[in-house]
Chemist: 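Please find one structure pasted underneath; my questions will follow.
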Amino acid sequence: YSRRWHARRTPGTRPAHARHRRHTRPPMKRAKAHADGGGSSDLERDSDSKVPLEGSSTDTTVELPPLAPPSALGGRELCGWAAGLVEGRVGPRSSSLRAIEKLLVVVDTLQIFGLLWATSLAWPWPYQWLRRSHWVVAVNLDLLSLSEHGAPAVLGKSNLGYSPWGEMEQSLHRYALPVGVLSWLLIIGYFIVPLVWSAKGTGYAHLIRNIRRLHYFRSGVLALAYVLCVPCSLAAARLLVCTRGDDDDDISSLGGAWSGARLAMDPSVPCDSGAHLAAVVAVVPATALAAVATIVIFYRTVQDAVVYDSPTDHNKALQRSEIEWELELNDDWLVTQSWLMSSFRRIGGAGIGGSVWVAGWDCVCGGGTGIWGGCCGGDGEGWLGSGGGGTLHYRVLTLVYKLSLVLCYTGLRSHPHVQGSLFWAIVLAMAAYTWSSQPYRCHWTNALSNVAHVVLVINASMSFLTCVDHNSALLVGSRQSLFLIYANSLGLFVMVAIVFASSALESWPASLTLQRLLESHGVELWEWVAAVRETRILVLECRLAPAMQVPIHVVEERLSILRDCWVQAKTRDSLFEGILNECLQELAELHETLAGGSMYSPPDAERLRIMQEGAGRLRGWYDSKILMAPRKRRILNKLLAVRFLSSGALGGEGTRRGGAGGRGDEDAGGQEGGDIEQA
């Protein structure tokens, strides 16, 4: 086991545990000696791992050892499985969601504006503005509105013989079914694929890599479900809207469709026809299941990942999980799908009544010499509502928000004034909640979301005034078009400026915290990381090995090293104190469980007696099972070899003697065999 343990280190560098064994001084004194130039540090041997210490007084570069053990482990499956857990990864690890969360803000804004655009066709908005903003419906995969007669209002005429909501020939095959089948793909991808995913490949290393890729795959499916929720729901809802003849105001749902009713988006399809019913059965249940499952999974995932009610403790635990993921210490951040809540901050807390003013809500600061900083934009203040952590479910709230707008679009077509008023009220309520809560952890993302909601409120307000036939000079077609063009262009320019500014001025909270950890701890930080990683590999190997073969002396040595690292982290009030403490407790529990049965444990009288009795019994069992003693077997093998060589040398002479000679050879052979048996 010792050879196998040392084979895992990189050639030319000593592993962290060997470094601790070589030095007899405590780790803290040893680090001070290296800093003073009194000793040679192994941290300067790997030229490929250089990390600059930003913010230090000098521009020196500290060369760090490799964090991950090499993958070549001599073909041992046990070590391969343990190393695969650490270094088997799909790509570079990063917990930063700065680009993704901003992209989702833009996608949400475009999808809501696309719904508003499709809803306003019956009022309608000025055709100049509708024509210039027609492209936005592509975000919702709204093939109906993109078709030739899908948006008559864009042409500037209302009496073309088509429904103001738009019509499309062969809409079932060209729109409803292709978009609706995406719901089935999402369901199959999330619930069916994982059942057969882990069966690919052989060996523990392949298994662990496949499991990690499975979590990546599930994260991608959830992200697609979030984006495709509106397109799939819109296609399914349009299948349930029927109208009678040419009367566009006489609209009902499928359940109340009367004889002769036809599909609103394709009057050539009767609502009671086999093709229509087949499309409804194929699309609507899957879409409803996918939408409900997405909301439930998002909600339950966030609920299971949240541990603390306090905003400070929650942010501290979240940054710890992100740092563990970036340093490849474990996969908890990916397994728990924490990306669903990593973009949002927790406000309030259990037991808080009313609204409270909390300073520094977007930074986690420890007492004394703590270094819990590292939030986007620095320190700040925020007005926190009661209820505790509602913004963590902002994704769920956004899904419900968009689905409610889809229902408003399809369910209130016969009441356009109510439809426009309710649409405006929903958009305004969501904007007010976002402005008041500032849900994102990063200031620049909050700014982007605020501007996006301002643009949506302006468009929804103009649409509402047009819907209720409000008399105003601003609502004249040409003026309203110019106003909307200028307002949306300005909003788009500001959003683009925010995105570019954030790429240069913004950092993810965990990245800043990790940078401060490196500046504060330097070499000790990487020693802690190496200790944690090797400890977790040791724990895996010990749990898989037989109890008698567990190297308990290595476990005890690792306990001593971990305790020294934990004392240093505890003294500095470091974020790694919790990580090291968790590893220390796990290793102590393993030692308590396996110390009694390991052959490497310190000898005692009882174990020696058991081993002596077991040795005698095993020897007796071995003697009773063998057919011949090893010494006798070796002698017989030698004699048989001599006979073979002798018979080969005399083979030619025996052949010339003929039949009698042959008989004599047989007698001679029998006599020789008797001699061998006697021997």
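Because only heavy atoms are used, hydrogens play no part in the values below, and waters and symmetry mates are left out as well, while side chains stay in.
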Chemist: Does the Lys NZ or Arg CZ of Arg98 fall within the cation-pi geometry relative to Trp444 - under 6.0 Å from the ring centre and within 45° of the axis?
Modeler: no
Chemist: Do Arg395 and Trp339 meet the cation-pi criteria used here (NZ or CZ under 6.0 Å from the six-membered ring centre, within 45° of the axis)?
Modeler: no
Chemist: Return yes if a side-chain donor-acceptor contact under 3.5 Å exists between His393 and Gln303, otherwise no.
Modeler: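 Looking only at side-chain atoms, Gln303 and His393 do form a donor-acceptor pair, the distance falling under 3.5 Å.
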Chemist: Just do the salt bridge (charged side-chain N to carboxylate O under 4.0 Å, His left out) check on Asp142 and Arg238 with the steps written out, would you?
Modeler: CA-CA 11 Å; Asp142 192 356; Arg238 280 171 168 166; 2.5 Å; yes
Chemist: Say whether, by atom type as modelled, one donor and one acceptor occur between the side chain of Arg346 and the main chain of Pro311 under 3.5 angstrom.
Modeler: no
Chemist: Would you find a donor on one side and an acceptor on the other, under 3.5 Å apart, between the side chain of Ser404 and the backbone of Val400?
Modeler: yes
Chemist: Where do Leu222 and Ile297 land on the side-chain contact (heavy atoms from CB on, under 4.5 Å) test, with the steps shown first?
Modeler: CA-CA 9 Å; Leu222 289 177; Ile297 291 173; 3.8 Å; yes
Chemist: Give, for atom CG of Leu172 and atom OG of Ser273, the distance between the pair rounded to the nearest 0.5 Å.
Modeler: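 Taking CG in Leu172 and OG in Ser273, the distance rounds to 7.5 Å.
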Chemist: Looking only at side-chain N and O atoms, does Gln480 offer a donor or acceptor that is under 3.5 Å from a partner on Thr466?
Modeler: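 Yes, side-chain donor-acceptor contact under 3.5 Å.
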Chemist: When the side chains of residues 282-292 are checked against the rest of the protein, which donor-acceptor pairs come out under 3.5 Å, sequence neighbours left out?
Modeler:
from   : atom 1 : to     : atom 2 : distance (Å)
Thr287 : OG1    : Ser183 : OG     : 3.2
Thr287 : OG1    : Val283 : O      : 2.8

Chemist: Could you go through Phe298 and Thr294, starting from their C-alpha distance and side-chain angles, then the distance that decides it, and tell me whether this counts as side-chain contact (heavy atoms from CB on, under 4.5 Å)?
Modeler: CA-CA 6 Å; Phe298 275 40; Thr294 303; 3.8 Å; yes
Chemist: Hey, is Glu322 close enough to Lys316 for a salt bridge, meaning N to O under 4.0 Å?
Modeler: no
Chemist: If you measure only the distance, is there a donor-acceptor pair under 3.5 Å linking the side chains of Thr301 and Gln337?
Modeler: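 No, because no side-chain N or O of Thr301 sits under 3.5 Å from a partner of the opposite role on Gln337.
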Chemist: For Arg174, check salt bridge (charged side-chain N to carboxylate O under 4.0 Å, His left out) against everything at least two apart and list the hits.
Modeler: none
Chemist: Is it the case that the side chain of Ser342 and the backbone of Ser338 share a donor-acceptor pair, with hydrogens and angles ignored and the cut-off at 3.5 Å?
Modeler: yes
Chemist: Could you pull out the closest heavy-atom pair between His276 and Leu239, with the gap in Å?
Modeler: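 Result for this residue pair: NE2-O, 2.8 Å.
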Chemist: Salt-bridge test for Asp332 and Arg320: reply yes if a basic N is under 4.0 Å from a carboxylate O, no otherwise.
Modeler: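 Not counted as a salt bridge, because no side-chain N and carboxylate O are separated by less than 4.0 Å.
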Chemist: For Ser343 and Tyr394, which I'm curious about, is there any donor-acceptor pair between the side chains at under 3.5 Å?
Modeler: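 No, no side-chain donor-acceptor contact under 3.5 Å.
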Chemist: So, Tyr226 and Asp108: side-chain donor and acceptor under 3.5 Å apart, yes or no?
Modeler: yes
Chemist: Do Arg345 and Gln438 have side chains that approach each other closer than 4.5 Å (heavy atoms only, starting at C-beta)?
Modeler: yes
Chemist: Return the minimal non-hydrogen interatomic distance between Ser437 and Thr391, and the atom names on each side.
Modeler: CB-CG2, 3.8 Å
Chemist: Testing Trp125, Trp129, Phe113, Trp117 for ring pair (Phe, Tyr, Trp, His ring centres under 6.0 Å) with His134, which one passes?
Modeler: Trp117
Chemist: Ser502 side chain to Val499 main-chain N or O, any donor-acceptor pair under 3.5 Å?
Modeler: yes
Chemist: Please lay out, stage by stage, how Thr109 and His453 fare under the test side-chain contact (heavy atoms from CB on, under 4.5 Å).
Modeler: CA-CA 8 Å; Thr109 304; His453 279 88; over 6 Å; no
Chemist: Any side-chain to backbone donor/acceptor pair from Gln111 onto Val227? Under 3.5 Å, distance only.
Modeler: yes
Chemist: With distance as the sole criterion, is a donor-acceptor pair present between the side chains of Ser94 and Ser96 under 3.5 Å?
Modeler: no
Chemist: What pair of heavy atoms forms the shortest contact from Gln128 to Ser481, and how long is it?
Modeler: OE1-OG, 3.5 Å
Chemist: Taking only residues two or more places apart in sequence or in another chain, which ones pass side-chain hydrogen bond (donor to acceptor under 3.5 Å, both in side chains) with Arg132?
Modeler: none
Chemist: Would you say Trp435 has more than 12 foreign heavy atoms packed within less than 6.0 Å of its CH2?
Modeler: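 Yes, the 6.0 Å shell around CH2 holds more than 12 heavy atoms from other groups.
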Chemist: Look only at the side chain of Ser436 and the backbone of Ala432, and say whether a donor-acceptor pair between them is shorter than 3.5 Å.
Modeler: yes
Chemist: Report yes or no: is the cationic atom of Arg93 (NZ for Lys, CZ for Arg) under 6.0 Å from the centre of the six-membered ring of Trp325, at an angle within 45° of the ring normal?
Modeler: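 Judged by the rule (NZ or CZ under 6.0 Å from the ring centre, within 45° of its axis), Arg93 counts as positioned above Trp325.
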Chemist: Distance alone, cut at 3.5 Å: any donor-acceptor contact between the side chains of Trp424 and Ser463?
Modeler: no
Chemist: Side chains of Ser95 and Trp333: donor-acceptor distance under 3.5 Å anywhere?
Modeler: no
Chemist: Ignoring hydrogens, what is the shortest heavy-atom contact between Val455 and Gly491? Give both atom names and the distance.
Modeler: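 It is CG2-CA, 3.8 Å.
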Chemist: Which atoms form the tightest heavy-atom contact between Glu167 and Ser147, and what is the distance?
Modeler: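 For Glu167 versus Ser147, the nearest heavy atoms are O-OG, 3.6 Å.
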Chemist: Within a radius of less than 6.0 Å around OH of Tyr308, do more than 12 heavy atoms belonging to other residues, nucleotides or ligands occur?
Modeler: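 It does not: Tyr308 OH has 12 such atoms or fewer within range.
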Chemist: Nearest 0.5 angstrom please: Met430 CE to Tyr401 OH, how far?
Modeler: 6.5 Å
Chemist: Check whether any side-chain N or O of Ser503 sits under 3.5 Å from a backbone N or O of Phe500 as a donor-acceptor pair, and report yes or no.
Modeler: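 Yes.
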Chemist: Could you tell me whether Tyr440 and Phe344 have their ring centroids closer than 6.0 angstrom?
Modeler: yes
Chemist: Could you pull out the closest heavy-atom pair between Val406 and Leu115, with the gap in Å?
Modeler: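 Result for this residue pair: CG2-CD1, 3.9 Å.
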